[in-house]
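In what follows, a single structure is set out as structure tokens and then discussed.
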There are 2 protein chains.
Amino acid sequence: MYTLAEENYLKAIYKLSMVAKNVSTNQIAAELATKASSVTDMLRKLAEKLLINYTRYQGVSLTQTGEKVAVNIIRRHRLWEYFLVEKLNFKWDEVHEMAEEMEHISSTELIDRLDEFMGFPTRDPHGDPIPDSQGNFKQNDLKPISAVDINACGIISGVRDHSSAFLQYLEKKQLTIGKKITVKEIITYDNTVILQMDNKDLQISRDVANNLLIAL
Amino acid sequence: MYTLAEENYLKAIYKLSMVAKNVSTNQIAAELATKASSVTDMLRKLAEKLLINYTRYQGVSLTQTGEKVAVNIIRRHRLWEYFLVEKLNFKWDEVHEMAEEMEHISSTELIDRLDEFMGFPTRDPHGDPIPDSQGNFKQNDLKPISAVDINACGIISGVRDHSSAFLQYLEKKQLTIGKKITVKEIITYDNTVILQMDNKDLQISRDVANNLLIAL
DNA sequence: TTATATTTTTAGACAAGCCTAAAAATTTAA
DNA sequence: TTAAATTTTTAGGCTTGTCTAAAAATATAA
């Protein structure tokens, strides 16, 4: 239906749209590690196919069709990640690259059966919600630890950075999905955060606090 | 490691090599539904990469490396077919196209874990042997029904034609893997074959007898 | 063994998706 | 509000993998 490149562009635009309604050429180029001129080329093609709204120099947004396609790719990605962790016993920091390939397998029937096989999971191993077969899912209502009040208490429920380096660090510190933590102190000088978890104090940097999400 | 096109060429050459040592340009073109000139182009590239032995006008054969790559693709294809049938409950005539896409997922670790998850199956849903992680597997020692003697008795163990049309026909006639049959008569005029199965007589055409394999 | 048919290769072209370098538009700053 | 900086687009080119048409090699038949 859509080429590999097209799917990757739609996914990137979808992801960037979470932050700002209109997405710029340079943002897409950075996300896909490609050049702005290549992005412009592709944007013309996607607009032609009515997958994005695009006016020269004005940035882009997904059309309804484009969004549907993007959500479907995300569904496939997250279901495969769940499969790799829950059925094949991979660790949460090992699955991203594989799922990046598997998300492009096109059969809808396959994905729906996989979904059923696993018992219709609602979150992938990183806490991200999995869209159902209709494309419905509720966005996580999570906050980065760096943005909550002192003495706030919550459950670790997601990450913003999916790199293995970050996930391995969290694993080592036992900062995994489901853990209950309390924010004890935020050092104003460098925004280092002191947490309490399992009755022990734990110090994390501003960067880590920014990328670790909790449900209050 | 290898492009989609390269993998498909290697697989086609491997398949055609089963029948004749040296494979011709036209045979490959037919197998891949492409043109002879496109095949020539690709053969030059594969020879360059030392995956095939190729001399102009003389046909090709796989090098040891090329064969290793081809067998690996076949391993992936057959394991995914097994997964689709045994875990996701697809029918044996529904899985070929999906596996055709899935066989190109590159991670070796993924395939080895999938293999383990399913208990190291040795045959796919069509009776074809699944190479192990070292690429070892014994070729089926099967005969088409059209080639056995009268009164020969054996177990249906494989097919030569993997098209859904053929598989659906077999399913309807209950001519499935594992069934015990006896060849009662071969009509010399048109090579129609009369089988006995489950104490009932069954008539199959020359074409069906040619594509249905039994272990004696 | 020569003519004909078939197979294979070459030549030249095209689409997709990427690139660099330069031009144009937009934004920011003086 | 004009100049400078930044962003985006255009122009032209490259690679991969495909195609058609024509030429060359090989196989077949008279």
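Note that the structure is a prediction, hence the values are computed from the model and not measured. Reminder, nothing fancy here: chain letters follow the sequence lines and each chain counts from 1. Scope of the values below: all heavy atoms of this structure, side chains included, with no hydrogens, waters or symmetry mates.
- Map B/Gln58 and A/Gln58 each onto its nearest nucleotide of DNA chain C; the residue landing nearer the 5' end is B/Gln58.
- Comparing D/dT9, C/dT9, C/dC18 against the side chain of A/Thr34 picks out C/dC18 as the nearest.
- Nucleotide D/dG17 holds its C1' atom 12 Å from the CG atom of B/Leu32, rounded to whole Å.
- Note: CD (A/Glu7) to P (C/dG17) measures 11 Å, nearest angstrom.
- Within the structure, a side-chain polar atom (N or O) of A/Tyr9 is placed less than 4.0 Å from OP1 or OP2 of C/dC18.
- Exactly one of B/Glu100, B/His77, B/Glu6 qualifies for a side chain to side chain donor-acceptor pair (under 3.5 Å) with B/Lys11. That residue is B/Glu100.
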Exercise for review: Step by step, work out the side-chain contact (heavy atoms from CB on, under 4.5 Å) result for A/Leu170 and A/Ile156.
Suggested key: CA-CA 11 Å; A/Leu170 294 181; A/Ile156 296 180; over 6 Å; no
Practice item. Run the numbers on A/Phe83 and B/Phe83 for ring pair (Phe, Tyr, Trp, His ring centres under 6.0 Å), then give the verdict. Key: CA-CA 12 Å; A/Phe83 172 77; B/Phe83 172 77; 5.3 Å; yes
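- Remark: A/Arg56 is in phosphate contact with D/dT10, judged by side-chain N or O atoms under 4.0 Å from OP1 or OP2.
- The two atoms that bring B/Asn210 and B/Ser146 nearest to each other are OD1-OG, 3.0 Å, heavy atoms only.
- DNA chain D lies under 4.0 Å from no heavy atom of any residue of residues 10-29 of chain B.
- Not one side-chain nitrogen or oxygen of A/Ser37 sits closer than 4.0 Å to the OP1 or OP2 atom of D/dA11.
- In A/Asp141, the CG atom is not crowded: 12 or fewer heavy atoms of neighbouring residues, nucleotides or ligands sit closer than 6.0 Å.
- Between the P atom of D/dT15 and the CZ atom of B/Arg44 lies a distance of 14 Å, rounded to the nearest Å.
- At whole-Å resolution of the value, CG in B/Leu43 and C1' in C/dT8 are 10 Å apart.
- Remark: P of D/dT16 and NZ of B/Lys45 are 6 Å apart, rounded to the nearest angstrom.
- Across A/Glu171, A/His126, A/Glu81, a single residue satisfies side chain to side chain donor-acceptor pair (under 3.5 Å) together with A/Trp92, and that is A/Glu171.
- Distance CE (B/Met42) to C1' (C/dT8): 17 Å, rounded to an integer number of Å.
- Taking atom CG on B/Asn8 and atom P on D/dT16, their separation rounds to 17 Å, with Å as the unit.
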Exercise for review: In sequence, state the C-alpha distance, the side-chain angles, and the governing distance for A/Arg75 and A/Glu103, and then conclude on salt bridge (Lys or Arg N to Asp or Glu O under 4.0 Å).
Suggested key: CA-CA 8 Å; A/Arg75 167 170 161 80; A/Glu103 72 191 6; over 6 Å; no
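- The backbone N or O of A/Leu50 sits less than 3.5 Å from a side-chain atom of A/Thr63, completing a donor-acceptor pair.
- A/Ala5 comes within 4.0 angstrom of the backbone, heavy atoms only, and of no base.
- Here the P atom of nucleotide C/dT9 and the CG atom of B/Asp41 are 10 Å apart, to the nearest Å.
- For C/dT10, its base never sits under 3.5 Å from the side chain of B/Thr40 at any donor and acceptor pair.
- For the pair A/Lys35 and C/dT20, the criterion of a side-chain N or O lying under 4.0 Å from OP1 or OP2 is met.
- Among C/dA25, D/dA25, D/dG17, the nucleotide with an atom closest to any side-chain atom of B/Tyr57 is D/dA25.
- Phosphate contact (OP1/OP2 of D/dT9, side-chain N/O of A/Tyr54, threshold under 4.0 Å): present.
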